[in-house]
**Student:** 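One structure, as structure tokens, below. Some questions next.
Just so it is clear, the model here is predicted, and its values are computed rather than measured.
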Amino acid sequence: MPLPLIYHEDYSPDFPPEHRFPMDKFRLLHDHLVDSNVVRSADLLRPALCPPAILALAHAPDYIERYLAGELSRDDQRRLGLPWSEAVARRTVRAVGGSILAAEQALQHGMACHLAGGTHHAHYDHPAGFCIFNDLAVISRYFLECGRVGRVLIFDCDVHQGDGTARILKDTPDAITVSLHCESNFPARKANSDWDIALPRGMGDVAYLQVVEQALDYLLPLYQPDLVLYDAGVDVHQDDALGYLKLTDAGVAARDETVLRRCLVRGIPIMAVIGGGYSKDRQALARRHGILHHTAKKVWENQ
Ligand SMILES: [Zn+2]
């Protein structure tokens, strides 16, 4: 069977084109993956909306209600940095559904990739940094509570710290939060993940890959998770507008391959989300996010 890939047309709603958040990147990523024969559009798995009761496993019910009604406070809107519309709210809830579906597919088949997801700055009762609901925290709680897994490990390689995930899951001992991030970058006030691996500005491929390999070779045997959630943010790239690391395309591909293979050889199901990536050149950005899916397909077909 083909590698399970998850996408929905809701992901890129109408949005101000000059906005700092590249809302069209999901559609452009889809088009890029279809054009480069990674997937046929008809084979993509399309998720349902995530029910509010499942969002509430990681978020305050009144925050969920306020966001869905378009009634966030001005402070919250400023922290979020995204305008509200019914279509944006819908894509937000749909994308959490997509991450749940990706995790389900990974548990069934060993590996799955989302064409969105990784909203790791979202907190229990407020948004931050373009993130509204925290898919990584929701999935962790959901699969732990329904007993499908005994332990989840979140391997967050977005260049920014997964502060929302760390805070929401700090009292969930069976969800292990690992964040590899550039030390001097957003958020200014860091949370405490179970493992924070802070990287210096300007780090390049070789040093970065060593850290990734060492972290996996230590943490996977230590925790033996039943599911890994991998945030494959490409804001570690040298051309990213918001990152300060210096990875090349080849470095990003090597990172993705390392993480995916390390899990597969241990028989640990892994689902990947695309995480952050920022550039005015939206086509280049879509191709950069697509490195994950190209690499995953290669790994999937050569297991
Ligand atoms: Zn980021």
**Student:** Any donor-acceptor pair under 3.5 Å linking the side chain of Asp226 with the backbone of Arg151?
**Tutor:**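 Yes, because the side chain of Asp226 sits within donor-acceptor range (under 3.5 Å) of the backbone of Arg151.
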**Student:** Let me confirm one number: the NE2-CZ distance from His19 to Phe130, rounded to the nearest 0.5 Å.
**Tutor:**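 That separation rounds to 6.0 Å.
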**Student:** Once rounded to the nearest 0.5 Å, what's the spacing between atom CZ of Phe133 and atom NE2 of His59?
**Tutor:**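 With rounding to 0.5 Å, CZ (Phe133) is 6.5 Å from NE2 (His59).
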**Student:** Answer yes if Leu44 and Val273 sit in the same cluster of Ile, Leu, Val, Met, Phe, Trp and Tyr residues linked by side chain heavy atoms under 4.5 Å apart, and no otherwise.
**Tutor:**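 Leu44 and Val273: one cluster.
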**Student:** Do Leu229 and Ser140 touch side chain to side chain, with heavy atoms closer than 4.5 Å?
**Tutor:** yes
**Student:** Closer than 3.5 angstrom, by distance alone: can the side chain of Asp240 be matched with the main-chain N or O of Tyr278 as a donor-acceptor pair?
**Tutor:** yes
**Student:** If you define the side chain from C-beta out and look only at heavy atoms, does anything of Arg288 sit under 4.5 Å from Ser279?
**Tutor:** yes
**Student:** Is there a side-chain contact between Asp156 and Val178 in this structure, where contact means two heavy atoms from C-beta onward sitting under 4.5 Å apart?
**Tutor:**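 With C-beta onward as the side chain, the pair stays apart.
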**Student:** Find out whether Met111 and Leu264 are in side-chain contact, i.e. whether some heavy atom of one side chain is under 4.5 Å from a heavy atom of the other.
**Tutor:** yes
**Student:** May I ask you to say whether Glu257 pairs ionically with Arg261, meaning some side-chain N is under 4.0 Å from a carboxylate O?
**Tutor:** yes
**Student:** Is a side-chain donor or acceptor of Trp300 paired with a backbone partner of Met1 at a separation under 3.5 angstrom?
**Tutor:**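 Looks like yes, one N/O pair under 3.5 Å.
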**Student:** Rounded to the nearest 0.5 Å, what's the gap from CG on Leu216 to OG1 on Thr258? Could you check?
**Tutor:** 7.5 Å
**Student:** Between NE2 of His181 and CD1 of Ile197, what distance do you get to the nearest 0.5 Å?
**Tutor:** 9.0 Å
**Student:** State, to 0.1 Å, how close Pro225 and Val152 come at their nearest heavy-atom pair, and which atoms those are.
**Tutor:** CB-C, 4.3 Å
**Student:** Are there over 12 heavy-atom neighbours, none belonging to Gln303, within less than 6.0 Å of that residue's CD?
**Tutor:**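 Count over threshold, so yes.
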**Student:** Under 4.5 Å between side-chain heavy atoms, hopping through other hydrophobics if needed: is there a path connecting Met203 to Leu209?
**Tutor:**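 No, because Met203 and Leu209 fall into different hydrophobic clusters, even though each may have its own neighbours under 4.5 Å.
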**Student:** So, the side chain of Ser193 versus the backbone of Asp196: is there a donor-acceptor pair under 3.5 Å, distance only?
**Tutor:** no
**Student:** What are the two closest heavy atoms between Ala87 and Pro13, and how far apart are they?
**Tutor:** CB-CB, 3.7 Å
**Student:** Take atom CZ in Arg266; do more than 12 heavy atoms of anything else shown fall under 6.0 Å from it?
**Tutor:** yes
**Student:** Assigning hydrophobic clusters by single linkage (Ile, Leu, Val, Met, Phe, Trp, Tyr; side-chain heavy-atom cutoff under 4.5 Å), is Val38 placed with Ile6?
**Tutor:** yes
**Student:** Apply side chain to side chain contact (heavy atoms under 4.5 Å, CB included) to Tyr244 and list each qualifying residue two or more places apart in sequence or on a separate chain.
**Tutor:** Cys182, Asn185, Arg201
**Student:** I'd like to know if Arg46 and Glu9 make a salt bridge, using a cut-off of under 4.0 Å between side-chain N and carboxylate O.
**Tutor:**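 Counted as a salt bridge, because a side-chain N and a carboxylate O are separated by less than 4.0 Å.
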**Student:** Asn134 and Thr165: side-chain hydrogen bond (donor to acceptor under 3.5 Å, both in side chains), yes or no, with the steps?
**Tutor:** CA-CA 7 Å; Asn134 192 313; Thr165 321; 3.2 Å; yes
**Student:** Do you know which two heavy atoms are closest between Leu115 and Ile274, and how far apart they sit?
**Tutor:**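 Closest approach of Leu115 to Ile274: O-CD1, 3.7 Å.
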**Student:** Any side-chain heavy-atom pair from His120 and Asp231 closer than 4.5 angstrom?
**Tutor:** yes
**Student:** State whether the side chain of Trp84 and the backbone N or O of Tyr67 hold a donor-acceptor pair below 3.5 Å, judged by distance alone.
**Tutor:**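 Yes; judged by distance alone, with no hydrogens or angles, the pair exists.
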**Student:** Kindly check if the number of other-residue, nucleotide or ligand heavy atoms within 6.0 Å of CG (Asp14) is above 12?
**Tutor:**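 No, CG of Asp14 has 12 or fewer neighbouring heavy atoms, counting only those of other groups under 6.0 Å.
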**Student:** Among His32, His289, His30, which one satisfies side chain to side chain donor-acceptor pair (under 3.5 Å) with Lys25?
**Tutor:**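 Single pass found, and it is His289.
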**Student:** With a 4.5 Å heavy-atom cut-off, do Leu80 and His126 have their side chains touching?
**Tutor:**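 With C-beta onward as the side chain, the pair stays apart.
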**Student:** Can you check whether Ile168's main-chain N or O pairs, donor with acceptor, with Arg141's side chain at less than 3.5 Å?
**Tutor:** yes
**Student:** Which atoms form the tightest heavy-atom contact between Gly276 and Asp158, and what is the distance?
**Tutor:**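 Result for this residue pair: N-OD2, 2.7 Å.
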**Student:** Checking Tyr223 against Trp195 for the side-chain hydrogen bond (donor to acceptor under 3.5 Å, both in side chains) test, could you report, in this order, the C-alpha distance in whole Å, the side-chain angles of both residues, the deciding distance, and whether it holds?
**Tutor:** CA-CA 12 Å; Tyr223 291 109; Trp195 296 86; 2.7 Å; yes
**Student:** I need the minimum non-hydrogen distance between Tyr63 and Tyr124, along with the two atoms involved.
**Tutor:**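 Shortest heavy-atom contact: CD2-O, 3.7 Å.
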**Student:** Pair Phe143, Leu107 - check side-chain contact (heavy atoms from CB on, under 4.5 Å), show working.
**Tutor:** CA-CA 10 Å; Phe143 285 93; Leu107 287 169; 3.6 Å; yes
**Student:** Treat each ILVMFWY residue as a node, draw an edge where side-chain heavy atoms are under 4.5 Å apart, and state whether Val236 and Phe186 are in one component.
**Tutor:**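 In one cluster with Val236: Phe186, no.
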**Student:** Mark yes or no for whether Gln161, through its side chain, and Ala191, through its backbone, hold a donor-acceptor pair below 3.5 Å.
**Tutor:**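 Looks like yes, one N/O pair under 3.5 Å.
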**Student:** According to a hydrophobic-cluster definition based on side-chain heavy atoms being under 4.5 Å apart (Ile, Leu, Val, Met, Phe, Trp, Tyr only), do Val234 and Leu28 belong together?
**Tutor:** no
**Student:** Kindly indicate, with the supporting measurements, whether the criterion side-chain contact (heavy atoms from CB on, under 4.5 Å) is fulfilled by Val138 and Ser99.
**Tutor:** CA-CA 9 Å; Val138 169; Ser99 288; over 6 Å; no
**Student:** Is any side-chain heavy atom of Leu285 closer than 4.5 Å to a side-chain heavy atom of Pro22?
**Tutor:** yes
**Student:** Scan side-chain atoms only and decide if Thr119 and Asp135 contain a donor-acceptor pair under the 3.5 Å cut-off.
**Tutor:**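 Yes.
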**Student:** Hey, does Leu242 have a side-chain heavy atom less than 4.5 Å from the side chain of Val159?
**Tutor:**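 Of all side-chain heavy-atom pairs linking Leu242 with Val159, none is under 4.5 Å.
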**Student:** Mark yes when over 12 heavy atoms from residues, nucleotides or ligands other than Glu183 sit less than 6.0 Å from its CD; otherwise mark no.
**Tutor:** no
**Student:** Working note: Val96 + Ile54, criterion side-chain contact (heavy atoms from CB on, under 4.5 Å); need CA distance, chi angles, decisive distance, verdict.
**Tutor:** CA-CA 10 Å; Val96 180; Ile54 294 181; 6.0 Å; no
**Student:** Check this for me, if you would: do Arg79 and Asp75 make a salt bridge, where the nitrogen-to-carboxylate-oxygen distance has to be below 4.0 angstrom?
**Tutor:**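 So Arg79 does not pair with Asp75 through a salt bridge.
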**Student:** Does atom NZ of Lys298 have more than 12 heavy-atom neighbours from other groups under 6.0 Å away?
**Tutor:**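 No, NZ of Lys298 has 12 or fewer neighbouring heavy atoms, counting only those of other groups under 6.0 Å.
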**Student:** Can you see which heavy atom on His123 is nearest to which on Asp163, and at what distance?
**Tutor:**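 Taking His123 first and Asp163 second, the nearest heavy atoms are CE1-OD2, 3.5 Å.
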**Student:** With rounding to the nearest 0.5 Å, note down the distance linking OH in Tyr142 to CD1 in Ile100.
**Tutor:** 6.5 Å
**Student:** Using the six-membered ring of Phe26, assess whether NZ or CZ of Arg91 lies under 6.0 Å from its centre and within 45 degrees of the ring axis.
**Tutor:**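 Yes; both conditions hold, so Arg91 lies above the ring face of Phe26.
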**Student:** Checking side-chain hydrogen bond (donor to acceptor under 3.5 Å, both in side chains) for the pair Tyr230/Asp256: CA distance, chi angles, key distance, verdict?
**Tutor:** CA-CA 9 Å; Tyr230 172 41; Asp256 294 345; 2.5 Å; yes
**Student:** Roughly how far, to the nearest 0.5 Å, is the CZ atom of Arg94 from the OH atom of Tyr7?
**Tutor:** 11.5 Å
**Student:** Which of parallel (below 30°), tilted (30 to 60°) and perpendicular (above 60°) describes His160 and His121?
**Tutor:** perpendicular
**Student:** Would Leu5 and His293 satisfy side-chain contact (heavy atoms from CB on, under 4.5 Å), going step by step from the backbone distance to the final call?
**Tutor:** CA-CA 8 Å; Leu5 295 172; His293 311 81; 3.8 Å; yes
